[in-house]
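Because the structure is predicted, anything quoted here is derived from the model rather than measured. The figures here come from the full heavy-atom set of this structure, side chains too, leaving out hydrogens, waters and symmetry mates. The chains referred to below are lettered A, B, ... by the order of the sequence lines, with proteins before strands, and numbering in each begins at 1.
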Amino acid sequence: TTGGTTESAASGGSAAATGAEIASGEKKDTVVYAYPNDPESFGPLRQPKSGYSEMTYQIYDCLFTYDTDGNFVPSVCTEVEQVDGSHYKLHLRNDVKFSDGHLLTAEDVVYSLKMYSEDSNSSSWVKYLDMENTKAADDVTVELALVSEYAFAISTLQNVNLFYQEAYEASVDGMTSNPIGSGPYTLKEYVSGSYALFEARDDYWGDKASIPNLKVMFIKEASQRTTALQTGEVDCAYDVLPSDYSGLIAEGFSGSEIITDRALNLMFNNSSSSICQDPKVRQAIAYATDNEGILQAAYGGYGELCTTCSSVGMINLSDMYIPDDYYTYDLDKAKAAFSDAGIADGTSFTIMVKSGDAATTTCAEILQQSLQSVGMNAEIKQVEAAVFDDSQKDENSGYDISFNTMNTAGSKSSLDLINLYCFIIPNLHYTNEEGAELSAAAVNTTDKDLIHENTEKLTQLICDEVPYYAIASNATLLVANGALNEVVPARGGITVRGNYFSWR
Amino acid sequence: MSNQNLLEIKGLKVSYQADGKKVCAVNGVDLVLEKGETLGLVGETGAGKTTIAKAILRILPQPQGHMDAGEIFVDGENLLTIPEAKMRKIRGKKISMIFQDPMTSLNPIRSVGDQISEAIQLHEKLSKTEIQQRAIEMLEQVGIPGSRYGDYPHQFSGGMKQRVVIAMALACHPELLLADEPTTALDVTIQAQVLDMMNRLKAEYGTSVVMITHDLGVIAEMCQQVAVIYAGEVVEFGTVEEIFEKPSHPYTKGLFGSLIDLEQDVERLSPIPGLMPDPTELPTGCKFAPRCPNCEEACRKGAIEDRKLSETHRVKCLRAEEVK
Amino acid sequence: MLRYTIKRLLWMIPVLLGVSLLIMAIMEFCPGDPAKIMLGIDATEENVAELNAELGLDDPFIVRYGRFVVNAFHFEFGNSYTSGESIRSQILFRIPYTLTISLVSLVISVLIGIPCGVISATHQYSLRDNLTMLAALFCVSMPNFWFALMMITVFSLKLGWLPSVGIETVKGYIIPCIAVALGTTASIARQTRSSMLEVIRQDYITTARAKGQKEKVVIYGHALQNAMMPIITVIGSRFAGALAGSMVVESIFSIPGMGNYLINAINSRDYAVVQAGVFVIALWFGLCMLGMDLIYAWADPRIRSQYKKGKVSRK
Amino acid sequence: MRGRKCNGPARKKKESQFAAVMKRLKRNKFAMAGLIIIILLILIAIFADVIAPYGYAEQDLKNTFASPSATHLCGTDKLGRDVFSRLIYGARESLLIGFLSVLLAASIGMVLGAIAGYYGGVLDNVLMRFLDIYQSIPNILMSMVLATALGASTQNTILALGISTIPLHARILRSQFMTLREQEYVEAAIATNANDFEIIFKHVLPNAISPMIVQITMSLGLSILAGATLSFLGLGAQPPSPEWGTMISEGRNYLRNYPYLALAPGLCIMVTVLSFNLLGDGLRDALDPKLKD
Amino acid sequence: MMAQILEVKNLKKYFQTPGGELHAVDNVSFRMEAGTTLGVVGESGCGKSTLGRTVLHLHESTDGKIFFQGEDITRVDKKKLKALREDMQIIFQDPYSSLNPRMSVSEIIREPLKRKGGRTKAELDTDVERLMDLVGLAQRFANSYPHELDGGRRQRIGIARALSLNPKFIVCDEPVSALDVSIQAQILNLMKDLQDQMGLSYIFITHDLSVVKHMSDEISVMYLGQMVEKASAAELFYHPIHPYTKALLSAIPIPKVNIERKRILLKGEITSPVNPKPGCRFAARCAYASEECKAPQTLEEVEPGHFVSCCCSKKFI
Ligand SMILES: Nc1ncnc2c1ncn2[C@@H]1O[C@H](COP(=O)(O)OP(=O)(O)OP(=O)(O)O)[C@@H](O)[C@H]1O
Ligand SMILES: Nc1ncnc2c1ncn2[C@@H]1O[C@H](COP(=O)(O)OP(=O)(O)OP(=O)(O)O)[C@@H](O)[C@H]1O
Ligand SMILES: [Mg+2]
Ligand SMILES: [Mg+2]
């Protein structure tokens with residue numbers, strides 16, 4: 001997937017601090033933020049790790065971003081000029097300085113892109129770039145060349161961290177622990193597994209971050225993030241447990257439910273699972289999935305049920321994309337569909353989930369129960385997080401159904417669905433020639449109408465075939481000390497803004 | 001109470017609590033010991049010899065051991081009534097004790113010199129060097145070179161360890177030495193050395209000794225007075241001549257019958273039949289009755305009173321005079 | 001003595017070789033290809049192969065083992081697969097945290113455990129004895145992670161006295177240390193009691209009493225000294241296991257110690273880190289065991305003289 | 001020489017060893033309490049289906065996080081499952097992990113220990129050096145690595161725990177064998193033409209069994225603890241398994257509002273392990289030959 | 001002339017210890033006639049038990065020869081050893097550690113019989129009964145376990161076990177040292193009775209000189225692995241020659257009052273048998289030691305039936 005960048009902010013947040021201990025107006029020097037995932041590396045090249053980008057965004061600048069409504073927000077790059085279908089010009093600021101004083105030039109941007117394209121971890125973000133012909137025209141202009149016309153070309157560029165050659169080469173470990181970027185913060189101290197301390201830069205080209213010192217504590221356990229919040233050890237906690245949320249709000253903390261485009265997906269392995277080859281079976285399973293129960297039990301009801309195969313967070317989610325009935329929980333229909341497909345009673349399904357992931361495990365347990373009540377058997381197979389993706393990809397790892405949380409989109413457009421098709425379907429071993437053609441046609445163009453048309457057809461296809469079933473876009477709960485005023489989640493779903501509490 | 005008596009025990013009763021049962025180890029023992037003399041306690045395993053000695057020093061194992069009755073006078077002072085702090089002053093100073101097994105009576109991780117010094121330091125107000133001097137002197141007294149002061153018990157042989165234990169016991173020149181089978185664990189040649197040495201030191205310091213043993217040979221050699229203990233009672237008490245030449249209690253006689261006479265060859269020995277009674281369920285009346293060849297109805301009833309055969313000789317047997 | 005020490009140090013070499021081999025062989029069976037895990041779901045076959053070659057993971061087992069061993073004896077473990085950081089510096093950075101917790105809790109355990117054990121032994125079968133030993137049994141029977149969670153519930157959540165996570169302040173060490181100390185204290189108390197019971201029945205204890213020695217000195221001077229051997233064994237083995245002794249607690253409290261490092265490495269299949277970690281832990285274990293034997297010799301003249309005669313063969 | 005105690009009248013009636021041990025054990029109230037609890041637990045584990053009011057995976061999504069009440073003695077969890085029933089089924093899981101892993105470890109360990117201890121020499125040396133290596137890796141770490149290699153599941157927890165505790169049993173039996181084969185009654189048996197088999201199984205093993213019983217009882221407790229630890233770390237039994245460690249791990253998220261979700265399984269572990277320890281302690285005393293005389 | 005039952009020639013048993021070679025039995029030779037008792041005395045650690053065990057093949061001898069009933073049994077195969085062990089038995093000192101605590105009295109006695117085979121269950125039962133009667137154990141103890149019995153009874157079990165295979169020859173390794181005098185006397189009587197009834201030959205090991213005198217026809221005195229003197233019991237007691245024997249005898253405490261005691265006090269104690277120097281091993285403690293004693297000593301017959309290993313023996317006769 002192309003990284004979680006888009007999200008819509010929702011309710012709850014701005015509840016002005018009641019019972020806050022810090023009188024409003026008083027500035028806190030250091031804000032402590034509890035975050036579940038340790039990035040482990042601050043190097044600029046992207047790591048496929050959760051929590052990585054949220055941390056590096058503070059240190060590295062990117063070219064540009066998109067706001068919550070999908071609008072272009074300039075950053076180092078102030079303007080993207082399309083020359084033709086496969087050529088663009090990026091216009092850069094001339095006052096961007098790295099934390100060691102080096103002035104950012106177009107050469108540095110080209111170098112960063114080049115390093116991305118050469119790095120096995122990161123190349124997917126720039127794989128459509130023709131690096132041979134991508135050049136710095138002058139200090140503030142980059143001439144971008146694409147291999148061919150490509151719908152995601154520009155939107156995925158926002159994931160590139162900017163750095164420069166001398167600093168990168170001078171560092172022994174690829175700037176893992178001593179990053180030099182041009183972002184609003186510098187990394188002061190990093191104790192892996194424990195905390196990272198950021199200091200706001202005075203010479204940042206934009207507005208100086210309003211929090212001078214930011215300390216991120218890596219606390220894996222959700223319940224302990226809440227505890228730390230309550231004991232005042234941290235000011236703000238990302239992803240608190242639904243079961244703790246309302247209690248915290250009642251205690252005077254302010255909170256927000258961040259509904260990102262993360263859809264919870266139920267997936268089928270089609271190519272190898274003998275049972276799930278048949279679309280009827282997949283439909284039956286979709287009917288047997290108690291999406292409301294799951295949202296309640298696994299996510300405390302925080303989130304939105306999916307009404308179609310894409311995320312409810314998708315901005316231009318037109319009616320055309322929403323079917324009349326997206327497999328509402330109905331055990332009778334499930335049973336009927338199973339018998340229709342000739343699946344005998346007592347057939348055993350294997351549901352695969354990530355071990356240690358409480359939410360998806362809960363999903364699996366609920367589905368297991370439902371399947372049992374329609375006469376099927378189900379066994380839950382836990383696979384360790386580290387090898388989960390691998391097992392899911394491996395058609396021979398013996399699962400029929402798997403639960404995973406996935407971002408459905410890389411941009412705020414109808415491209416999301418196509419994106420999904422391109423990135424998720426291959427992992428499901430689902431092959432459908434028509435679908436492949438439709439998505440290819442949509443990807444390799446920049447024509448909006450064509451994209452829309454193809455997306456509509458694809459939606460129909462996926463809703464009928466159910467290679468995967470989207471359950472809900474669940475919310476990530478963010479809670480802050482009430483005194484930190486307005487908490488506004490921004491980029492990456494974690495950045496918070498406010499009078500006293502803002503990140504970027 | 002005669003002034004000459006250093007030690008006088010009256011009606012001592014001691015029991016142990018073990019496994020929920022009461023073990024009557026000592027059942028009314030009366031003993032006297034004059035100054036400068038040696039009293040031998042002889043009896044079978046489990047007769048209660050060690051228990052008597054420990055009772056004198058009030059070091060019965062806790063919490064099992066319990067002093068049920070009796071008085072123990074040393075120099076006219078009842079040891080059982082004085083406070084613990086005062087008793088501590090007496091232990092090691094006025095009365096000291098040697099244990100049966102030299103292998104285990106020395107603290108294995110302290111040097112022998114230290115252990116002797118400890119005894120001295122507890123009772124004498126001397127400087128460190130004086131104490132060490134005295135300890136070395138004691139070692140040499142028992143025939144161990146002073147240079148071995150810093151050596152550890154495991155570096156000594158059994159006989160030497162027993163000497164160290166004796167040196168430790170005599171370090172503060174006690175008036176009364178309780179020697180609990182001091183040579184039982186040793187080989188005969190070593191036993192001879194140790195006994196010889198004890199006699200010498202006893203004479204030198206004028207110490208009175210209670211000598212516990214089950215070897216009648218040792219008794220004959222070392223003691224003036226003998227008490228024969230059976231099932232926690234003194235069944236016969238007298239001078240060594242009286243006991244050896246006119247044994248009057250059937251048990252004492254049996255004991256002599258079990259011995260091998262080196263001068264005479266006999267085909268068969270004449271041991272006492274049977275076993276000592278279980279100390280948890282002692283018979284009423286004479287404790288020896290079940291094994292006694294001359295037992296009568298009367299022997300099985302009621303406590304048996306001591307009979308005086310002479311001024312110094314008493315025996316706990318109803319038929320002491322009749323059966324010869 | 002010196003010869004013995006050198007002999008033991010040399011013996012550690014084959015042990016360490018064996019440990020590395022064993023752990024490497026086990027890791028070999030772990031499902032999951034580290035390169036794939038590092039590259040994530042989007043990686044192509046070529047990327048994976050490339051990375052495998054770069055990390056030397058495509059070499060045969062024996063070659064990798066040899067390389068590891070050679071490097072390990074230079075105390076060089078390369079870089080972590082997942083973060084790219086130098087493993088050596090990470091380990092050196094983390095050991096102090098773990099040792100602090102282990103040692104503080106060990107000190108707590110000794111200070112509480114030994115007196116409790118002694119009191120129990122000297123008052124055998126008394127109410128005090130029964131209560132102490134029952135309490136000790138409770139402590140060894142409790143899962144320490146659960147105890148830690150309960151402590152958090154009470155002291156962090158309900159009372160708000162102590163932090164629930166992190167160790168920036170001294171306060172942060174309190175719950176982790178207590179949680180780790182819990183079981184150790186109980187074991188030490190139990191061991192102390194049983195070896196004291198054995199010792200106070202010995203003749204030399206009665207001998208010391210018969211000398212007129214004060215009861216306190218008899219118990220703490222003579223008896224405890226002799227009872228120390230098995231207690232030292234318990235303490236020593238806890239000390240030797242110190243680097244891995246607080247794993248679960250570290251993970252609960254997000255303490256950046258060795259345990260946490262290893263748990264993460266195991267979970268993310270960072271073989272390089274697991275191997276290095278186990279190697280270091282085994283090295284520490286070996287050194288501690290040697291240290292413990294030397295302490296035995298120091299504490300017990302009987303053992304000392306055996307070393308001198310070169311008569312010791314390991315049990 | 002070396003006077004020995006030989007009192008006590010001879011008893012006539014035949015008293016089996018077992019009866020004698022039981023008699024001594026009965027005097028120890030704590031041990032009896034432990035034994036009774038263990039027997040109860042075993043019964044609970046066997047008849048879990050009968051006793052438990054609900055199935056361990058039976059969900060009621062409309063009644064999640066119910067407080068303890070008459071219908072749900074220990075309340076319900078996030079899926080509305082009856083915690084009390086899960087605790088009951090958990091006994092089955094935990095005891096299974098305990099018994100099977102100890103069975104595995106003890107049977108392998110005892111064979112190794114017996115061979116090493118009885119034959120000694122090179123065999124002993126090789127084995128002991130191997131165990132040296134084995135034991136340089138702390139137990140918990142070893143079982144974690146093994147559990148990872150095998151994959152997380154109840155069976156694999158049993159395997160991992162079993163394999164990692166082999167040395168414990170091997171060492172104990174080895175030292176027992178080394179002491180016992182020097183005993184004079186073994187020599188007497190040799191003198192009356194006993195072969196190795198008879199010596200091992202008739203003379204040495206029965207006498208080595210007491211410490212082994214104690215050791216096994218104690219390690220049952222330890223294994224249950226270690227199994228819970230693995231489950232807690234996500235390397236052991238997996239949901240929806242009601243293994244107690246897993247339940248604590250699930251319950252830790254709800255400590256704040258529903259502390260009983262973690263408290264109850266923790267107490268179950270503690271009581272179970274405590275019972276094994278109490279029994280082990282009691283057995284140690286009851287089987288101690290020193291107390292026989 | 002009685003038949004010779006055992007002859008030992010230059011028997012050696014060395015143990016390899018970390019400190020060096022331990023000469024537990026060094027060059028011991030003797031012979032004994034059937035139906036007699038050879039007493040072996042000496043201080044603790046002088047190799048008495050090792051001698052007994054080596055003869056029985058419980059230890060393999062390092063060097064030397066052993067003849068049993070005229071047959072060389074120094075090296076025997078398994079089958080022969082099996083047969084041999086039915087003829088040669090041992091009774092141990094410690095009636096506690098020599099009985100398997102997990103076996104009942106009847107099981108202990110039955111075991112060797114069962115192993116020998118050729119008996120039905122009923123025959124086994126009668127044999128066990130017979131043996132128990134023989135050693136004076138009441139039948140009511142058949143199902144008791146050793147720990148329930150006193151030392152004397154336990155020792156009787158040990159004797160019954162040794163007798164079960166009907167041996168001709170028994171090594172008695174301090175069978176009464178752990179017992180009280182009265183019990184000791186009971187056991188000694190029993191052993192003598194058995195010898196008379198069954199024509200047994202004993203090697204009677206002890207360090208109690210009065211016991212050995214009572215039991216033995218011939219006595220040999222050991223010192224540090226070597227035999228220093230051997231003679232008939234009476235001869236040895238009335239006419240000891242070796243200085244060590246003299247000291248040993250003089251050290252016995254005699255339970256008589258008013259007798260004259262002449263002690264020969266030895267200096268020091270028995271030293272370590274590890275890598276001993278050649279020459280008389282007793283020289284270090286001997287009052288008569290001279291240069292000559294540094295040469296190796298041999299056991300010589302100084303008077304008929306009286307063997308002494310001392311270069312100065314002529315002086316002491
Ligand atoms: N700590 C104890 N607990 C219970 N019973 C004991 C204890 N100590 C001794 N007894 C019992 O008390 C009785 C007398 O024992 P004591 O040690 O005084 O005998 P003894 O005459 O010294 O025997 P020995 O010759 O074996 O030394 C014995 O029956 C013994 O079993
Ligand atoms: N298996 C063995 N390995 C090594 N040394 C041994 C062994 N058995 C005996 N020894 C040594 O051989 C010497 C003689 O021992 P042995 O047991 O024969 O003496 P003993 O005369 O029977 O002594 P005791 O009177 O104490 O029984 C001793 O120094 C002893 O330490
Ligand atoms: Mg005694
Ligand atoms: Mg012997």
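For D:M142, the part lying near chain C is the side chain, with the backbone staying farther off; criterion is any non-hydrogen pair under 4.5 Å. In this structure, chain D has no heavy atom under 4.5 Å from any part of C:L243. In this structure, chain D has a heavy atom under 4.5 Å from the side chain of C:L22, while its backbone stays farther away. Using a 4.5 Å cut-off between heavy atoms, C:F138 touches chain D through backbone and side chain atoms alike. Both the backbone and the side chain of C:M142 come within less than 4.5 Å of a heavy atom in chain D. Both the backbone and the side chain of D:L274 have a heavy atom closer than 4.5 Å to some heavy atom of chain C. With a 4.5 angstrom heavy-atom cutoff, D:F276 does not touch chain C via any of its atoms. For D:N139, no part sits under 4.5 Å from any heavy atom of chain C, backbone or side chain.
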Test D:D124 against D:R174 for salt bridge (Lys or Arg N to Asp or Glu O under 4.0 Å), laying out the working first. CA-CA 9 Å; D:D124 180 35; D:R174 170 178 175 268; 2.6 Å; yes

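Side chains of C:E250 and C:T98: a donor on one and an acceptor on the other come within 3.5 Å. Side-chain N/O atoms of C:D270 and C:S80 include a donor and acceptor closer than 3.5 Å. The closest side-chain donor-acceptor pair between C:R238 and C:S187 falls under 3.5 angstrom.
A 4.5 Å side-chain heavy-atom check between C:E28 and C:R64 finds at least one atom pair inside the cut-off. When side chains are defined from C-beta on, D:L278 does not count as touching D:M32, because their heavy atoms never get closer than 4.5 Å.
Chosen from D:L233, D:I269, D:L263, the residue pairing most often with chain C at heavy-atom distances under 4.5 Å is D:L263. Note on D:V271, D:L267, D:L150, D:L235: by heavy-atom pairs under 4.5 Å with chain C, the leading option is D:L267. Put simply, of C:L16, C:V274, C:L262, C:L134, the one with the most heavy-atom pairs under 4.5 Å next to chain D is C:L134. For the set D:A262, D:P259, D:G221, the entry with the most heavy-atom pairs within less than 4.5 Å of chain C is D:A262. Highest contact tally toward chain C, considering only D:L222, D:I140, D:T272, D:L146, is held by D:L146 [criterion: heavy-atom pairs under 4.5 Å].
Using bins of under 30°, 30° to 60° and over 60° for the plane-to-plane angle, the ring pair D:Y258/D:F65 lands in the parallel bin.
When ring centroids are compared, C:Y271 and C:F68 stay outside the 6.0 Å threshold. The aromatic ring centroids of D:W244 and D:F232 lie 6.0 Å or more from each other.
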